[in-house]
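Okay, so here's the structure we're looking at.
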There are 2 protein chains.
Amino acid sequence: METEDCRVREVLDKVGDKWSVSVIGVLGRETRRFSEVKRAIPGISQRMLTVTLRALERDGLVTRTVYATVPPRVDYALTALGLTLLDSAWPLMNWALDHVGEIDKARDAYDRQRPEVPPQQP
Amino acid sequence: METEDCRVREVLDKVGDKWSVSVIGVLGRETRRFSEVKRAIPGISQRMLTVTLRALERDGLVTRTVYATVPPRVDYALTALGLTLLDSAWPLMNWALDHVGEIDKARDAYDRQRPEVPPQQP
DNA sequence: CCGTATCCATCCGGATACTG
DNA sequence: CAGTATCCGGATGGATACGG
């Protein structure tokens, strides 16, 4: 947990960035079109979906298949590598699901003790 | 992977942010002083270590113990909750360690195919 | 030793508009 | 349908200086 650590962090950055995990989760085990992924992820903008998918493709985590049809169609899917990432990320995602409540409670307790810059009067 | 997803992402944000995982990893199973943690994480600034530790404390993941000695001394340790997070994060960290090489190769291949704005001449 | 305060460059990502 | 281009505000985080 020292030398190679920065490289690990670099990978964890991807996991932590705003949309990567959602995209990987949506792709899961099935191929999806651009618009399908977009619809499956509520808040995401067209731009950010493109950016995120490009980054994942660059890292060899998803494949991009373009069909020269009209209208155009582009399919995305996890690579074998992407699937192993999804599997490895599951424990953490489950942890998050299981403990969101505890974290919320801890935050509330913390914030109640330290009323951060609360009232009026300069 | 849809409704509660935003809450999960909120938690994953912490994991993905620049220093949290490193700090959690350094604390591991043992109590550490502020300066010890700082020394164990090469690039981190005093400010960011403080900010990161505060956030982790707020979320109930680490405890902060102040000793009224001279010079002052502050100990940090993972809570039980923090330990479960560390355990759940292990698979992902291992995945990162194991596949950094593959990712690098994928990137190189990708970049070679698409020489992004490479040469001179405006 | 362990912070907090301030300043400031950088990046991230949303909104919008336009193409093949 | 599936992008790309541009603009732009806000958050992020490093450097520095100071305080208990």
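Chain naming here is simple, since letters A, B, ... match the order of the sequence lines and numbering starts at 1 in each.
A salt bridge is defined here as a Lys NZ or Arg NE, NH1 or NH2 lying under 4.0 Å from an Asp or Glu carboxylate O, and B/D108 with B/R112 fails to meet this definition. B/D59 has a carboxylate O that lies under 4.0 Å from a charged side-chain N of A/R107, or vice versa, which qualifies the two as a salt bridge.
Rounded to a whole Å, the CH2 atom of B/W19 is 12 Å from the C1' atom of D/dT12. Remark: P of C/dG3 and NZ of B/K38 are 12 Å apart, rounded to the nearest angstrom.
In the set C/dC2, D/dG3, C/dG14, the nucleotide with an atom closest to the side chain of A/Q46 is D/dG3. Distances from the side chain of B/M48 to the nucleotides D/dA2, C/dC1, D/dG13 place D/dG13 closest.
Nucleic acid contact class of B/Y76 (heavy atoms, under 4.0 Å, all strands): sugar-phosphate only. Among the heavy atoms of the strands lying under 4.0 Å from A/K18 are primed sugar atoms or P, OP1, OP2 only; no base atom is included. Contact annotation for A/R47: base contact, defined as any heavy-atom pair under 4.0 Å involving a base atom.
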Please determine whether side chain to side chain contact (heavy atoms under 4.5 Å, CB included) holds for the pair B/Y67 and B/R33, giving the CA-CA distance in whole Å, both sets of side-chain angles, and the decisive distance to 0.1 Å.
CA-CA 11 Å; B/Y67 298 93; B/R33 303 184 56 166; over 6 Å; no

Run the side chain to side chain contact (heavy atoms under 4.5 Å, CB included) test on B/T50 and B/F34 for me, step by step, so that the C-alpha distance in whole Å, both residues' side-chain angles and the decisive distance to 0.1 Å come before the verdict.
CA-CA 9 Å; B/T50 303; B/F34 183 90; 3.7 Å; yes

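Phosphate contact (OP1/OP2 of C/dC2, side-chain N/O of B/S35, threshold under 4.0 Å): present. In terms of phosphate contacts, B/R33 brings a side-chain nitrogen or oxygen within less than 4.0 Å of OP1 or OP2 of C/dC2. Considering only side-chain N and O atoms, B/R64 lies nowhere under 4.0 angstrom from the phosphate OP1 or OP2 of C/dC2.
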